[in-house]
Protein chains: 2
Amino acid sequence: MSLKLRKNRSPAPGNICPLSKCLALLSGAWTPEIIWNLSAAPRRFTELRVDMPAISAKVLTTRLRHLEASGILARHVMPTSPPSVEYSLTALGAELLPAIATIAKVGDQLKFG
Amino acid sequence: MSLKLRKNRSPAPGNICPLSKCLALLSGAWTPEIIWNLSAAPRRFTELRVDMPAISAKVLTTRLRHLEASGILARHVMPTSPPSVEYSLTALGAELLPAIATIAKVGDQLKFG
DNA sequence: CAGTATCCGGTCCGATACTG
DNA sequence: CAGTATCGGACCGGATACTG
């Protein structure tokens, strides 16, 4: 009968699918840092590289393209010379910030953090 | 799609570390689903396999061990025959739920979700 | 029931070199 | 400045087989 108690479990109403999808988006090395570095103000490509010295250009480009395609951030090309490109969070991307902050807080308390 | 965040890499000089660390924890295929499936009530190993038919025993074991080591969930062995093991979220793990819910909500609105 | 052991293909990421 | 191209090694996760 403890089986009976257990049978009724569905966690919450709803679909778990978006979960994996969005967490998949946040995954990938450097992704959270990128979002974090854009949270205060827009940044340019090279500025982001300075913020995260260890990231390679290739990976940074890949992440930015993915996040842009998903609507998390926007890319603005300024027609200057030399070219200048600015990245900024969208409203949707900004919605992630509180969640990320919460997760970071939990991260602080991890046993093997 | 795989959820990946290398833990050995990117020592990033920064101070955003808890962020990456915790997101690294949530990464790895199936991790969010596991936490979600434990959110309502404790579950046993095979019950989790039923909840997520596509996960392999190897990966499920790996995830559970990691989450346990981090203090996100607890493992209780019941001295029955056949053996029975119950997994449940810790208080710390429960703190992740609102953040995960928020992220899932954003996931719903992703352009290429 | 609750795992372990092993193999293996696919992916991710870093390093390096090059370009409009 | 803001990328692209390519290579190679690390790692991840699925499939399968086996165990106390």
Side-chain angles (χ1 to χ4, degrees), chain A residues 2-3 6-7 20-21 23-34 37-38 42-70 73-88, chain B residues 1-14 20-21 23-34 37-38 42-70 73-88:
Chain A
S2 46
L3 282 175
R6 216 190 315 277
K7 84 176 178 187
S20 343
K21 283 174 184 172
L23 275 171
L25 180 80
L26 291 183
S27 304
W30 302 104
T31 304
E33 275 83 357
I34 292 172
N37 279 306
L38 291 176
R43 304 280 281 162
R44 284 163 47 195
F45 189 86
T46 303
E47 290 180 308
L48 288 171
R49 292 212 66 184
V50 172
D51 293 336
M52 302 167 282
I55 195 173
S56 68
K58 185 188 100 174
V59 172
L60 179 54
T61 301
T62 306
R63 292 284 158 273
L64 291 171
R65 294 283 186 274
H66 272 229
L67 292 169
E68 184 194 3
S70 304
L73 58 79
R75 179 175 183 266
H76 301 284
V77 180
M78 338 285 279
T80 58
S81 170
S84 167
V85 181
E86 215 173 58
Y87 294 92
S88 56
Chain B
M1 143 265 295
S2 60
L3 298 149
K4 274 174 201 166
L5 242 196
R6 298 288 192 270
K7 18 182 181 185
N8 289 341
R9 270 169 238 189
S10 73
S20 341
K21 281 175 186 170
L23 275 172
L25 180 80
L26 291 183
S27 303
W30 301 104
T31 304
E33 277 82 357
I34 292 172
N37 279 306
L38 290 177
R43 303 281 281 157
R44 283 161 49 192
F45 188 86
T46 302
E47 290 180 309
L48 288 170
R49 294 212 65 185
V50 171
D51 293 335
M52 302 167 284
I55 196 174
S56 68
K58 184 187 103 175
V59 172
L60 180 53
T61 300
T62 306
R63 292 285 160 272
L64 291 171
R65 294 284 186 274
H66 271 227
L67 292 169
E68 183 193 3
S70 304
L73 58 79
R75 179 175 183 267
H76 301 284
V77 181
M78 339 283 280
T80 57
S81 170
S84 167
V85 180
E86 217 172 55
Y87 294 92
S88 57

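Below, read A as the first sequence line, B as the second, and so on, with proteins coming before strands; counting in each chain starts at 1. Bear in mind the structure is a predicted one, so any value in this text is a computation, not a measurement.
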Roughly how many Å is it from [atom1] in [X] to [atom2] in [N], rounded to a whole number?
X	N	atom1	atom2	result
B/Arg63	C/dT4	CZ	C1'	16 Å
A/Glu86	D/dC1	CD	P	15 Å
A/His66	D/dG3	NE2	P	15 Å
B/Arg43	C/dA2	CZ	C1'	15 Å
A/Glu68	D/dA2	CD	P	15 Å
B/His76	C/dG3	NE2	P	13 Å
B/Leu64	C/dG3	CG	C1'	11 Å
A/Glu33	C/dC13	CD	C1'	14 Å

Side-chain N,O ([X]) to OP1/OP2 ([N]) below 4.0 Å:
X	N	result
B/Thr46	C/dA2	yes
A/Arg44	D/dG3	no
A/Arg75	D/dG3	yes
B/Arg49	C/dG3	no
B/Ser84	C/dA2	yes
A/Trp30	C/dG14	yes

By nearest atom, which of the nucleotides C/dC13, C/dA2, D/dG13 is closest to the B/Ala29 side chain? D/dG13
Nearest to side-chain heavy atoms of A/Phe45, which nucleotide of C/dC13, C/dT4, D/dG3: D/dG3
Considering only heavy atoms from C-beta outward, does the side chain of [X] approach that of [Y] to under 4.5 Å?
X	Y	answer
A/Leu25	A/Thr31	no
B/Leu60	B/Arg49	yes
A/Arg63	A/Val59	yes

What distance do A/Asn37 atom CG and A/Arg43 atom CZ have between them, rounded to the nearest 0.5 Å? 6.5 Å
What's the verdict on side chain to side chain contact (heavy atoms under 4.5 Å, CB included) for B/Tyr87 and B/Leu67, showing C-alpha distance, side-chain angles and the deciding distance? CA-CA 10 Å; B/Tyr87 294 92; B/Leu67 292 169; over 6 Å; no
Would you mind telling me which residue lines up with the more 5' stretch of DNA chain D, A/Ala57 or A/Pro82, judged by nearest nucleotide?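 Closest to the 5' end, via its nearest nucleotide, is A/Pro82.
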For DNA chain C, stems built from three or more consecutive Watson-Crick or G-U wobble pairs below 3.5 Å: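 DNA chain C stems, ordered by first number: C:1-20 with D:1-20.
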Between the main-chain N or O of B/Pro82 and the side-chain N or O of B/Thr80, is there a donor-acceptor pair closer than 3.5 Å? yes
Test for a donor-acceptor pair under 3.5 Å between the base of D/dG3 and the side chain of A/Lys58, counting only N and O atoms.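 Answer is no: no donor-acceptor pair is held.
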Judged by each residue's nearest nucleotide on DNA chain C, which is more toward the 5′ side, A/Ile55 or A/Pro83?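 First, find each residue's nearest nucleotide; the 5'-ward one identifies A/Ile55.
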Applying side chain to side chain contact (heavy atoms under 4.5 Å, CB included), run through B/Leu48 and B/Leu64 and close with a yes or a no. CA-CA 11 Å; B/Leu48 288 170; B/Leu64 291 171; 4.2 Å; yes
Let me see the working for B/Asp51 and B/Ile34 under side chain to side chain contact (heavy atoms under 4.5 Å, CB included), right down to the final yes or no. CA-CA 9 Å; B/Asp51 293 335; B/Ile34 292 172; over 6 Å; no
